[in-house]
Peer 1: 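What follows is a single structure, and I will ask about it in a moment.
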Amino acid sequence: MPRRHDPERRQRIIDAAIRVVAAKGIAGLSHRTAAAEADVPLGSTTYHFKTLDELLVAALRQANEGFAKVVAGRGGLEDPRTDLAAELAAWVGEWLAGDRTGVELEYELYLAALRRPALRPVAAEWAEGVAEQLSRRTDPVTARALVAVVDGICLQVLLTGVPYDEAYAREVLGRVLAGAGG
């Protein structure tokens with residue numbers, strides 16, 4: 001029987017892995033659960049992703065695109081007159097106001113890097129990418145501090161269920177910027 005050409009299969013497996021993690025957490029993800037969710041043979045998942053970590057890396061890389069899309073969509077970094085603290089606080093608000101499951105998934109995958117070293121470079125890519133964008137408006141150290149504050153605020157909102165307070169975020173981010181002289 002000839003093999004069926006299916007150029008979208010790899011992407012369907014990644015999408016399925018994201019759905020499995022969203023529904024069951026990382027502990028619920030296996031090649032078998034991803035294959036079942038993607039409606040592909042088990043061998044397809046192991047063909048495209050030799051290890052579960054490879055599949056998680058692909059899922060994390062795709063999930064990281066959520067915040068990047070918010071940042072790119074707003075475009076506030078280009079104008080030097082834009083209040084950077086207010087712009088960043090608004091980014092976070094827009095991101096957290098979106099699909100909550102998606103945000104939680106991004107953080108679950110991001111934090112999985114604590115126990116899965118294969119995920120660490122991808123988690124670092126997210127932080128470095130945002131810091132690089134912020135470095136257009138401030139120095140690299142301050143940009144990294146802003147990313148750390150955003151991470152902390154997002155985790156607090158996700159873990160405590162307290163609504164996002166954009167005014168608080170703007171104030172804290174403004175203090176980081178003021179401490180840097182900008």
Side-chain angles (χ1 to χ4, degrees), residues 1-74 77 91-92 94-136 140 143-161:
M1 184 176 194
R3 273 179 71 157
R4 192 179 75 159
H5 180 64
D6 186 359
E8 301 299 318
R9 186 171 288 193
R10 183 178 193 282
Q11 184 60 51
R12 283 200 331 270
I13 294 167
I14 295 169
D15 293 342
I18 288 171
R19 288 191 303 273
V20 169
V21 172
K24 301 177 182 176
I26 288 177
L29 181 66
S30 66
H31 279 100
R32 189 171 306 284
T33 58
E37 180 67 26
D39 194 26
V40 300
L42 178 59
S44 290
T45 62
T46 57
Y47 171 79
H48 289 288
F49 304 98
K50 302 291 183 234
T51 67
L52 199 54
D53 279 351
E54 284 182 23
L55 179 54
L56 283 168
V57 164
L60 177 57
R61 193 162 270 131
Q62 183 167 311
N64 280 347
E65 294 172 4
F67 189 73
K69 286 179 185 173
V70 168
V71 172
R74 291 189 57 90
L77 288 180
W91 289 352
V92 173
E94 187 176 323
W95 187 53
L96 289 171
D99 174 27
R100 181 67 174 237
T101 302
V103 174
E104 290 172 357
L105 169 71
E106 287 180 56
Y107 266 96
E108 183 166 359
L109 288 166
Y110 181 64
L111 292 172
L114 291 170
R115 301 270 185 231
R116 294 179 177 267
L119 296 177
R120 290 180 187 158
V122 183
E125 283 173 18
W126 177 86
E128 290 165 4
V130 175
E132 184 179 311
Q133 290 181 329
L134 293 173
S135 291
R136 296 180 205 161
R144 287 183 23 227
L146 292 169
V147 171
V149 169
V150 165
D151 260 348
I153 290 171
C154 289
L155 280 171
Q156 286 177 355
V157 168
L158 292 171
L159 295 174
T160 64

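The model shown is predicted, which means the values in this text are computed figures rather than measured ones.
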Peer 1: Using a 3.5 Å cut-off and no angle test, enumerate the donor-acceptor pairs between side-chain atoms of residues 111-121 and protein atoms at least two apart in sequence or in another chain.
Peer 2:
from, atom 1, to, atom 2, distance (Å)
R116, NH1, D53, OD1, 2.4
R120, NE, A113, O, 2.8
R120, NH2, L114, O, 2.9

Peer 1: Is there a side-chain contact between V150 and W91 (heavy atoms, below 4.5 Å)?
Peer 2: no

Peer 1: Considering non-hydrogen atoms only, spot the tightest contact between A131 and V147 and give its length.
Peer 2: N-CG2, 3.7 Å

Peer 1: Angle between ring planes, W95 versus Y107, binned at 30° and 60°: parallel, tilted or perpendicular?
Peer 2: tilted

Peer 1: Identify the heavy atoms of L60 and E106 that sit nearest to each other, and give their distance.
Peer 2: CD1-O, 4.2 Å

Peer 1: Donor-acceptor pair, E108 side chain versus I26 backbone, under 3.5 Å?
Peer 2: yes

Peer 1: Closest heavy-atom contact between E104 and L158?
Peer 2: CG-CD2, 3.8 Å

Peer 1: Taking atom CG of D151 and atom CH2 of W126, what is their separation to the nearest 0.5 Å?
Peer 2: 4.5 Å

Peer 1: Does any non-hydrogen side-chain atom of I13 lie less than 4.5 Å from one of S44?
Peer 2: yes

Peer 1: Looking only at atom types and distance, does a side-chain atom of T45 sit under 3.5 Å from a main-chain N or O of A35, one as donor and one as acceptor?
Peer 2: no

Peer 1: Mind checking salt bridge (Lys or Arg N to Asp or Glu O under 4.0 Å) for E54 and listing every partner two or more places apart, or none if nothing turns up?
Peer 2: none

Peer 1: Which heavy atom of P140 sits nearest to which heavy atom of S135, and what is that distance?
Peer 2: CA-OG, 3.6 Å

Peer 1: Taking atom NZ of K24 as the centre, report whether more than 12 heavy atoms of other residues, nucleotides or ligands fall under 6.0 Å from it.
Peer 2: no

Peer 1: So for atom CD, which belongs to E132, do other residues, nucleotides or ligands contribute more than 12 heavy atoms lying within a distance under 6.0 Å?
Peer 2: no

Peer 1: So, using side-chain hydrogen bond (donor to acceptor under 3.5 Å, both in side chains) as the criterion, who are the partners of R10 when residues are at least two apart?
Peer 2: none

Peer 1: With R19, which residues qualify under side-chain hydrogen bond (donor to acceptor under 3.5 Å, both in side chains), at least two apart?
Peer 2: E37

Peer 1: Is the shortest heavy-atom distance from the side chain of P41 to the side chain of R9 under 4.5 Å?
Peer 2: yes

Peer 1: Verify, without hydrogens or angle tests, whether H48 (side chain) and I14 (backbone) share a donor-acceptor contact under 3.5 angstrom.
Peer 2: no

Peer 1: Please list, chain by chain and in numerical order, all residues satisfying side-chain hydrogen bond (donor to acceptor under 3.5 Å, both in side chains) with Q11, sequence neighbours excluded.
Peer 2: D15, Q62

Peer 1: Going by side-chain hydrogen bond (donor to acceptor under 3.5 Å, both in side chains), name the residues that satisfy it together with T46, two or more places apart in sequence or in a different chain.
Peer 2: none

Peer 1: As a test of understanding, state which of V57, L56, L109 forms a side-chain contact (heavy atoms from CB on, under 4.5 Å) with V122.
Peer 2: V57

Peer 1: Side chain to side chain contact (heavy atoms under 4.5 Å, CB included) for V103 and C154? Distances and angles first, verdict last.
Peer 2: CA-CA 9 Å; V103 174; C154 289; 6.0 Å; no

Peer 1: Closest approach of L29 and A34, non-hydrogen atoms and distance?
Peer 2: CD1-CB, 4.1 Å

